[in-house]
Amino acid sequence: MIQTINRKAVKELLDNIYLVLFALMIGYYFLLTTTFEIAWPQYFYVNLRTFLLVIIVTKTAIEDDIDYTDIVLGALAAIVFLVAWRHNSYEVLSSIVLLIVGCRGIPFRKIAKSYLITCGILLIITITFALTGKIENFVLYQDGRRTRIAFGIIYPTDFSAHVFYLILAYCYLRKEKIKYLELGIIAMLGIFVYEFCDARLNTICIFLMVGILGYNKIRHDNAIKKGRNYSMNSVFSTFLCLSTTLSSIFMIGITLLYSPSRKGMRLLDRLITYRLSLGKKGIDIYGFSIFGQPIRLIGNGNSQTAPKNYFFLDSSYLFVPLLYGIFVFGIILVLFLVMSFRARKEKDWTLLWLISLMSLQCIIEHHMLDISYNVLLWGTLACLKTDAQAGKRIRFPAAESIKSKFR
């Protein structure tokens, strides 16, 4: 019994060490999306990845209750991502898979809190430094659009995406306990990113989140009043579980079918800021490959003006398979599918809604595999259990018996 308790205590300690390293990695990548000019210590990034690997291996070695489905998924993800890295030279894949595998078995609430605190504090610091002139604050003036401010991030849309994913993490942590005042504040943040960043997609997604959380709260509260738990319609919940897969099929399919000779297609392309024509161009020039390929993307980031030879794949459903490969893309879709059905099994309707909202946002934006953006990525192998067991404190029988003598 003592050996089991010690094993659990060591695992909890290793989980906490991992969360510290996780915060450092997330923070490192967050700062790369800002205009801060930081001279990182030599080998900082390599050493951080090494420490992560050591903690992951140690955690796995001491486990006595192993979920073999997670082990197989984690091993498969590691093999595919690392092989793809060697083929396409995108080193970030090694960090992504380390973080995915490292989060295995850790309560997702802890991971979301770590992400929210780390990126939230860094975003506030970035905004403060940008508004006080201590770092570059890009302001874009574009014909037909309002003035767009990046607030110390490399591009206004990227700033709004940071806000969106931070709100998503906050909403996951609050779930049905969220107050209407909080939803009102979130709606105001949506108005803020629209007014100052002209980020239409993320504004829509933030307002959708307010509506979804409000609806979910009302259904939950009404069920409680009737003395039962709210349960989503099984057909609709299954549809939400498939949201990431369906979104990818839709975006890839409509891009393959795109033709500038079709008036409706041209109109849709303009509406989503030429995502279709650029995606079709990427497919025609580079094509899909098993393990990806190096593609030179030229975007608007870190600049006051748009480059003349602009070429960027904004949709995650084209960005990931074209750059990182079909196998990496397939693994990610499987991981989100597993996560969605686990959320459904746990009746975590808030999480299921948020995954669907992320799937919608990724149709237009490329942040599905961005380390400092998509917090849901780290929940794919994390513990989603909603009962007390997920975060129960370890009790030591000897200590309990001593306490009982003094009661």
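By convention here, the first residue in the shown sequence is residue 1.
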Please give me the minimum heavy-atom distance between Ala169 and Ala112, naming the atom from each residue. CB-O, 4.4 Å
By ring pair (Phe, Tyr, Trp, His ring centres under 6.0 Å), His367 pairs with (sequence neighbours left out) Tyr373
Aromatic contact between Tyr155 and Phe312, with the criterion being ring centroids under 6.0 Å apart: yes or no? no
Report the distance from atom CD1 of Ile218 to atom OH of Tyr215, rounding to the nearest 0.5 Å. 9.5 Å
Do other residues, nucleotides or ligands put more than 12 heavy atoms under 6.0 Å from the OH atom of Tyr180? yes
With sequence neighbours left out, what residues match Arg86 under side-chain contact (heavy atoms from CB on, under 4.5 Å)? none
Is Asp67 paired with Arg104 through a side-chain N to carboxylate O contact shorter than 4.0 Å? no
Flag, side chain of Asn216 to backbone of Lys175, donor-acceptor distance under 3.5 Å: no
Step-by-step side-chain contact (heavy atoms from CB on, under 4.5 Å) determination, Lys134 to Thr128: CA-CA 9 Å; Lys134 294 181 180 178; Thr128 303; over 6 Å; no
Testing the 3.5 Å rule here: is there a donor-acceptor pair between the side chains of Ser237 and Arg344? yes
At what distance, to the nearest 0.5 angstrom, does OG1 of Thr273 lie from CG of Leu278? 10.0 Å
Quick check against the 3.5 Å criterion: does Ser247 have a side-chain atom that pairs as donor or acceptor with the backbone of Thr244? no
Across all chains, not counting sequence neighbours, the salt bridge (charged side-chain N to carboxylate O under 4.0 Å, His left out) partners of Arg49 are Glu91
With sequence neighbours excluded, residues passing side-chain contact (heavy atoms from CB on, under 4.5 Å) with Ser340: Cys241, Leu352, Ile355
Can you tell me how far the CG atom of Leu313 sits from the CD1 atom of Ile295, to the nearest 0.5 Å? 6.0 Å
In terms of heavy-atom contacts, does OH of Tyr194 have more than 12 from other residues, nucleotides or ligands at under 6.0 Å? no
Distance (rounded to the nearest 0.5 Å) between Ile106 CD1 and Ile111 CD1: 5.0 Å
Side chain proximity check, Ile96 to Val328, heavy atoms < 4.5 angstrom: no
Do Ile127 and Phe159 have side chains that approach each other closer than 4.5 Å (heavy atoms only, starting at C-beta)? yes
Is a donor on one side and an acceptor on the other found under 3.5 Å between the side chain of Asn16 and the backbone of Glu12? yes
Report the distance from atom CZ of Phe81 to atom CD1 of Ile100, rounding to the nearest 0.5 Å. 4.5 Å
Please say whether the positively charged group of Lys110, taken as NZ for Lys or CZ for Arg, lies over the ring of Tyr18, i.e. under 6.0 angstrom from the six-membered ring centre and within 45 degrees of the axis. no
Checking Thr33 now: which residues fulfil side-chain hydrogen bond (donor to acceptor under 3.5 Å, both in side chains) with it, not counting sequence neighbours? His162
Does the Ser316 side chain pair with the main chain of Met368, one donor and one acceptor, at a distance under 3.5 Å? yes
As an exercise, state the distance from OG1 of Thr380 to CG of Leu384, rounded to the nearest 0.5 Å. 9.0 Å
I want to check something: taking the side chain as every heavy atom from C-beta on, are Ile371 and Trp378 in contact at a cut-off of under 4.5 Å? yes
Would a distance-only check, ignoring hydrogens and angles, find a side-chain to backbone donor-acceptor pair under 3.5 Å from Arg109 to Leu173? yes
Count the heavy atoms of every other residue, nucleotide or ligand shown that sit under 6.0 Å from CZ of Phe36, and state whether that count exceeds 12. yes
Would you say the side chain of Tyr274 lies within less than 4.5 Å of the side chain of Asp269, judging by non-hydrogen atoms? yes
Which residues pass the side-chain contact (heavy atoms from CB on, under 4.5 Å) test with Ile224, sequence neighbours left out? His220, Asn229
So do Asp348 and Arg342 actually touch side chain to side chain, heavy atoms under 4.5 Å? no
With Glu365 as reference, evaluate Asn374, Thr157, Asn202 under the side chain to side chain donor-acceptor pair (under 3.5 Å) test and give the passing residue. Asn202
Partner set under ring pair (Phe, Tyr, Trp, His ring centres under 6.0 Å) for Tyr286, not counting sequence neighbours: none
Please collect all ring pair (Phe, Tyr, Trp, His ring centres under 6.0 Å) contacts where either partner lies in residues 89-113, sequence neighbours excluded, each pair once. Tyr90-Tyr324, Phe108-Tyr172
Keeping to residues at least two apart or across chains, list the side-chain hydrogen bond (donor to acceptor under 3.5 Å, both in side chains) pairs with something in residues 112-124. none
Check the surroundings of atom CD1 in Ile290: do more than 12 heavy atoms from other residues, nucleotides or ligands lie under 6.0 Å from it? no
Does the side chain of Tyr230 reach to within under 4.5 Å of the side chain of Asp221, using non-hydrogen atoms? no
Taking side chain as C-beta onward, heavy atoms only, is Val92 less than 4.5 Å from Asp370? no
Does His366 offer a backbone N or O that forms a donor-acceptor pair with the side chain of Asp314 under 3.5 Å? no
With sequence neighbours left out, write down each residue that passes side-chain contact (heavy atoms from CB on, under 4.5 Å) with Ser248, or none if nothing qualifies. Tyr317, Phe329, Leu333
Could you list the residues that satisfy side-chain hydrogen bond (donor to acceptor under 3.5 Å, both in side chains) with Asp15, not counting sequence neighbours? Lys11, Lys59
All ring pair (Phe, Tyr, Trp, His ring centres under 6.0 Å) counterparts of Phe44, not counting sequence neighbours: Tyr28, Trp40
What closest approach, in Å, do Cys362 and Ser315 show between heavy atoms, and which atom pair accounts for it? O-OG, 3.6 Å
Test your reading of the model: is there a side-chain donor-acceptor pair from Arg148 to the backbone of Leu140, 3.5 Å cut-off? no
Beyond-backbone contact of Arg219 with Glu176, side-chain heavy atoms, under 4.5 angstrom: no
Begin with the C-alpha distance, continue with both residues' side-chain angles, and end with the deciding distance and a verdict on side-chain contact (heavy atoms from CB on, under 4.5 Å) for Ile252 and Phe288. CA-CA 11 Å; Ile252 293 174; Phe288 295 106; 4.3 Å; yes
